[in-house]
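None of the values given here were measured: they were computed from a predicted structure. Every chain is numbered from 1 and lettered A, B, ... according to where its sequence line falls, protein lines coming before strand lines.
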Amino acid sequence: MSETEQQPEGGARQALRAPRGTRDVISPEVERWQSVEGATRETFARYGFREMRTPIFEDSVVFEKGTGETSQIVQKETYRFTDLGGHDLTLRPEGTPPVIRAYLEHKLGHSKDVARFYYIGPMFRYERPQKGRYRQFHQIGVEALGSESAALDAEIIDMAMTWLGDLGIESLRLVVNSVGDVDDRPAYMEKLVDAQKVFLGEMSEDSRRRHEVNPLRVFDSKEPEDQPVIEKLPKIIDHLSPQNRAHFDEVCGYLSDWGVGYTIEPRLVRGLDYYRRTVFEISSSALGAQDSLLGGGRYDGLVEQMGGDDVPGVGFAAGLERIVLALPEGAETASLDCYVVTVSRDLMPQAMALMRDLRGRGLRCTADFQDRSMKAQMKAANRSGAPAAVILGPDELSKGVCNLKMMESGEQHEVSLEILATVLAEELHGTGHTG
RNA sequence: GUGAGCGUAGCUCAACGGUAGAGCACUAGGUUGUGGUCCUAGCGGUUGGGGGUUCGAAUCCCCUCGCUCACCCCA
């Protein structure tokens, strides 16, 4: 706990960097994020979900009650601090508890309709960074509160698969399982713990620890030595109560009817403690060790645990960074319609006026602001990716025209300044450069 | 928190004990008003930071910071 100053920092100038585990999302990557976000909003809207934006920090109790005081996330991975007013706050490590907090705070369950929300935003966990894992990462999540219908579970799983498929992500693998609830979980846990005790000597050190902390997670072990043991342990899927078994079969029935490919994975046990009954996970082989793109499940009981009525819920969260990583290569779209080039620097006022006019008509344009030679401006125009260059010189201006040069073909012709915007729009449309 | 690998110009890399180089990129010129090819020239690094060994360190040793991958955990 003792803080020792250990930062030589000898040199005069130490480059400033983004904090460990955080990153800057810069063009062209940021355009990929934007396209994912746009497609996400459209897809979710088709299923009746509305966006909810909650604060990125909450009173720490929100996560203690929601995520769980004993969970690893809350115990070891939160960015938790006391603000100047003495409030105990936590940067949100996941999206579900804040949504439920807001649902309760604003009495959104009042109508008894199923409340459907989605969120997109940063989450924070103090972990060792790795491929597809960051300290500030971004999640896209959905929550549906107010129904325990298996149809809802199936719909949400279907939406998740449709969504990721529409984004163009290939090699998706959907696994589903049921982890039971109060009806069958306590009895099963006893059986599981007893069974594990028999094999303790054969289990890895990590799994012996899991046995103490969270016996279910032994199923998650990747240790080779644990695999034979796991095979012999009782599976919760075989110990479900009749009603939970029926619920799970119904979910699977829907998926089968719809042709959604899935695998029942008895070993799937999600990390968060609040999951009940249906759990699912979608992974992609396009990623490394952190191959889980999306995970979710039902969390009946969580709303009550957070101080509300007994409202059932189901949802999922997906990692935006991982989705972007798994995305297929896409063509870059031009971010400019034209680049304005002047023959000499004293024409800058005319160039500025022209650009104001073009922008007013909805066209995207820019120019060189460093008084560089025309050749340099043309190089910049080329680099900018703009499909067209608009050239202004004394000759053109005296005639009230400009030279419109299409960069790809190299063709160039005079166009009256008055109709430039229209002509340009037509040219761009014709060549599919409207991006 | 644990383990392994790696940090040299904007980028990708070379030099592996004798005071740092290439390609690409960038800038300018060849073209007195025109980019993307070509040619020429130029800019650019106290080799992540600190300490040590040595006559001499990018190169060897230690510490530190960071990156990467994996464990863990999870999106």
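When the P atom is compared between C13(B) and C69(B), the two are found 14 Å apart, to the nearest whole Å. Using C1' as the reference atom, C16(B) and A58(B) are 8 Å apart when rounded to the nearest Å.
A search for side chain to side chain donor-acceptor pair (under 3.5 Å) contacts involving Ser416(A) returns nothing, not counting sequence neighbours. For Arg372(A), the side chain to side chain donor-acceptor pair (under 3.5 Å) partners at least two apart in sequence or on another chain are Asp368(A). Partners of Tyr126(A) under the ring-ring contact (aromatic ring centres under 6.0 Å, His included) rule, at least two apart in sequence or in another chain, are Tyr79(A). For Gln350(A), the side chain to side chain donor-acceptor pair (under 3.5 Å) test picks out no residue, with sequence neighbours left out. A search for ring-ring contact (aromatic ring centres under 6.0 Å, His included) contacts involving Tyr118(A) returns Phe44(A), not counting sequence neighbours. With sequence neighbours left out, the side chain to side chain donor-acceptor pair (under 3.5 Å) criterion links Glu94(A) to Thr67(A), Tyr274(A).
For Asn382(A) against G36(B), no side-chain N or O and base N or O form a donor-acceptor pair under 3.5 Å.
Of the residues in residues 23-42 of chain A, not one places a heavy atom less than 4.0 Å from an atom of RNA chain B.
Atom CD of Gln227(A) is surrounded by more than 12 heavy atoms from other residues, nucleotides or ligands within 6.0 Å.
Residues in residues 382-413 of chain A take part in no ring-ring contact (aromatic ring centres under 6.0 Å, His included) pair, two or more places apart or across chains.
In this structure, Ala18(A) and Asn403(A) both approach RNA chain B, and ranking their closest nucleotides by distance from the 5' end singles out Asn403(A).
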Applying the Watson-Crick and G-U criteria (both distances under 3.5 angstrom) with [ ] for crossing and | for other-strand pairs, one obtains for RNA chain B (((((((..((((....[..)))).(((((.......))))).....(((((..]....))))))))))))....

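Residue contacts for Glu396(A): at a heavy-atom cut-off of 4.0 Å it reaches a base atom on one of the strands shown. Across all strands, Gly296(A) comes closer than 4.0 Å to no nucleic acid atom at all (heavy-atom distances).
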Just by protein heavy atoms under 4.0 Å, how would nucleotides 24-32 of chain B read 5' to 3' in B, S and -? --SSS-B--

Base contacts versus sugar-phosphate-only contacts with protein, heavy atoms under 4.0 Å: please encode nucleotides 69-75 of chain B as B, S and - from 5' to 3'. SBBBBBB

Between the protein and nucleotides 7-12 of chain B, list the N/O to N/O atom pairs that are separated by less than 3.5 angstrom.
none

